[in-house]
Novice: 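Would you mind keeping the following structure in view while I ask a few things?
Note that this is a predicted model, so its numbers are computed, not measured. Each ligand, and each atom within it, is numbered from 1 in the order the structure gives.
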Amino acid sequence: MQNADVVIIGGGIVGSSIAYHLTAAGCRNVLVIERESSQGKGSTGKSMGGVRAQFSTPVSIQMSLYSIAFYASFDQRLGYPCDYRPQGYLFCGTSEHQMAYLRSNHAQQRKMGLRNVQLMTGAEIARMYPQLRSDDIVGGSFCPTDGFVDPYSAMQGFMSHAAGHGATLWKSTRLTGIVRNANGVTSVETTRGSVSTRKVVNCAGPWAAEVAALAGINLPVHPLRRMLVPTEPFDEFPHTAPMIVDMSNGFHFRPEARGFLLAWNDPEETLELEKTPSFNTDFDPAFVEKILIRAADRVPCFANLPVNPKRGWAGLYEMTPDHHPILGEAPGLPGFYLANGFSGHGVMHAPATGKILSDLILTGKTDKIDASLLNLSRFAEGRLIHETAVL
Ligand SMILES: Cc1cc2nc3c(=O)[nH]c(=O)nc-3n(C[C@H](O)[C@H](O)[C@H](O)COP(=O)(O)OP(=O)(O)OC[C@H]3O[C@@H](n4cnc5c(N)ncnc54)[C@H](O)[C@@H]3O)c2cc1C
């Protein structure tokens with residue numbers, strides 16, 4: 001039987017970041033198991049790549065502060081590019097209620113140490129982006145160090161560095177069982193044989209609940225389909241623009257290559273999928289018209305956006321009931337660790353997650369966050385902390 005100090009299930013950006021942080025901390029015998037023939041076929045390869053610190057809860061903001069600073073120095077630290085582009089996130093509020101929300105978030109963000117986030121008036125936003133229909137924009141919030149990364153490159157960078165420092169990646173290998181005794185995990189079963197280990201990390205993205213079930217753990221992580229529409233080249237809006245969020249309906253967009261990437265959470269679909277979760281990742285062509293209506297409403301020149309519906313794609317968010325991840329050792333099963341349920345924020349929070357999990361696995365504690373806030377027990381104990389800044 002093979003053996004490993006730590007076995008990581010899932011070679012997406014989260015598993016790769018944990019492998020990187022473990023090996024960087026000196027833990028050499030790390031095995032990553034990925035069921036697909038290549039990395040990135042889960043949520044990571046479908047992501048919009050947005051990174052932001054403009055959240056509402058202290059713990060989300062803390063995770064972003066670590067992660068964004070990490071992405072800003074990714075190339076120097078790892079010797080691989082992650083294509084961090086600090087073009088910002090601009091939230092546009094269209095009611096006093098939304099402005100009160102942004103003001104309260106802004107105060108929390110400043111308190112947590114985010115110095116460069118700023119509130120803006122409607123007139124300032126209109127001056128900054130005259131292409132926006134701004135008659136109903138009351139004001140907004142902008143942070144210039146928010147922006148975008150290339151999730152696939154970051155994942156590759158993490159895994160390549162980890163592989164150069166002792167980690168092994170088994171592709172086309174599925175986890176099929178987790179073996180335990182009274183003291184905790186003893187080994188895992190895979191399609192490539194058994195591996196003896198005392199520590200296993202669940203990094204299975206939207207499929208995390210299935211992996212947890214193999215260990216007899218009930219994990220409240222549900223898949224939720226999200227669709228993105230890239231446009232063809234389009235020059236009537238600046239390509240230096242930030243991620244712009246229309247808070248009236250949740251439509252948001254950012255520059256991508258010579259065009260733009262459009263996103264919108266269809267509330268009808270969300271309601272339906274919350275009732276009946278599904279792993280379906282088919283792109284619905286009818287979505288294109290729905291999103292273009294929102295796009296042209298906020299950015300009149302987007303009425304001329306060239307879009308090839310065949311280029312749209314869908315992927316899965318991994319949702320938890322309070323929209324925060326579940327991190328740390330599972331209660332009642334020593335050696336079984338969770339890094340799941342990022343609720344749409346797994347790329348931007350991957351660096352912090354890697355550091356936190358590496359700390360918890362190797363030393364049992366971390367100073368990056370109060371890890372008890374995000375443990376699985378919070379659901380049974382009624383300690384949910386709701387993140388509302390979810391796109
Ligand atoms: C359309 C869309 C837009 C998004 N936009 C953003 C964004 O702007 N910013 C952001 O931060 N996040 C965004 N996200 C969310 C982000 O992509 C995810 O939170 C993140 O990729 C999760 O990474 P992961 O490594 O946990 O999961 P994944 O990338 O899904 O990786 C999990 C891996 O586990 C493997 N696996 C599963 N079961 C097994 C098994 N039994 N055995 C072996 N391997 C297994 C899978 O094959 C997969 O490769 C977006 C997601 C979508 C769908």
Novice: Going by the angle between their ring planes, with limits at 30° and 60°, are Phe260 and Phe253 parallel, tilted or perpendicular?
Specialist: perpendicular
Novice: Check for me whether Arg35 meets the cation-pi criterion with Trp207, that is, NZ or CZ under 6.0 Å from the six-membered ring centre and within 45 degrees of the ring axis.
Specialist: yes
Novice: How far is atom 26 (O) of ligand 1 from the closest protein heavy atom, and which atom is that?
Specialist: Val14 CG2, 3.4 Å
Novice: Could you say whether the N/O atoms of Glu34 and ligand 1 ever approach to under 3.5 Å?
Specialist: yes
Novice: Measure the distance from atom 20 (C) of ligand 1 to every protein heavy atom, then report the residue, atom name and distance (to 0.1 Å) of the closest one.
Specialist: Gly346 CA, 3.9 Å
Novice: Judged by non-hydrogen atoms, does Leu391 sit under 4.0 Å from ligand 1?
Specialist: no
Novice: Heavy-atom distances under 4.0 Å are what count here, so tell me which part of Leu316 touches ligand 1: side chain, backbone, both or neither.
Specialist: backbone
Novice: Which protein non-hydrogen atom lies closest to atom 1 (C) of ligand 1, naming both residue and atom, and how far is it?
Specialist: Lys46 O, 3.5 Å
Novice: Using a cut-off of 6.0 Å, state whether more than 12 heavy atoms not belonging to Arg133 lie near its atom CZ.
Specialist: yes
Novice: Tell me which protein heavy atom sits closest to atom 44 (N) of ligand 1, plus the residue, atom name and distance to 0.1 Å.
Specialist: Arg35 N, 3.2 Å
Novice: So which protein heavy atom does atom 31 (O) of ligand 1 come closest to, and at what separation?
Specialist: Gly12 CA, 3.6 Å
Novice: Any idea which protein heavy atom is nearest atom 50 (C) of ligand 1, and the distance to it?
Specialist: Tyr317 CE1, 3.5 Å
Novice: Scan side-chain atoms only and decide if Thr270 and Asn265 contain a donor-acceptor pair under the 3.5 Å cut-off.
Specialist: yes
Novice: Heavy atoms only, cut-off 4.0 Å: how does Cys203 contact ligand 1, side chain, backbone, both, or neither?
Specialist: backbone
Novice: Any idea how Phe74 and Phe158 line up, ring-wise: parallel (<30°), tilted (30 to 60°), or perpendicular (>60°)?
Specialist: perpendicular
Novice: Counting heavy atoms not belonging to Gln76, are there more than 12 under 6.0 Å from its CD?
Specialist: yes
Novice: Heavy atoms only, cut-off 4.0 Å: how does Glu318 contact ligand 1, side chain, backbone, both, or neither?
Specialist: side chain
Novice: Below 30° counts as parallel, above 60° as perpendicular, anything between as tilted: where do the rings of His161 and His165 land?
Specialist: parallel
Novice: Identify which of Gly42, Gly344, Ala350 has a heavy atom lying nearest to atom 13 (C) of ligand 1.
Specialist: Gly344
Novice: On the ring face of Phe148, is Arg85 found with NZ or CZ under 6.0 Å from the centre and within 45° of the axis?
Specialist: no
Novice: Provide, to 0.1 Å, the distance between atom 27 (O) of ligand 1 and the closest protein heavy atom, together with that atom's residue and name.
Specialist: Gly205 CA, 3.4 Å
Novice: Do any nitrogen or oxygen atoms of Met48 come within less than 3.5 Å of a nitrogen or oxygen of ligand 1?
Specialist: yes
Novice: To check you understand the geometry: which heavy-atom pair defines the closest contact between Thr197 and Asp5, and what is its length?
Specialist: OG1-O, 3.4 Å
Novice: For Thr190, which part has a heavy atom under 4.0 Å from ligand 1: side chain, backbone, both, or neither?
Specialist: neither
Novice: Relative to ligand 1, is Val347 under 4.0 angstrom through side chain, backbone, both or neither, heavy atoms considered?
Specialist: both
Novice: Check step by step if side-chain hydrogen bond (donor to acceptor under 3.5 Å, both in side chains) holds for Asp359 and Thr366.
Specialist: CA-CA 5 Å; Asp359 286 350; Thr366 182; 2.8 Å; yes
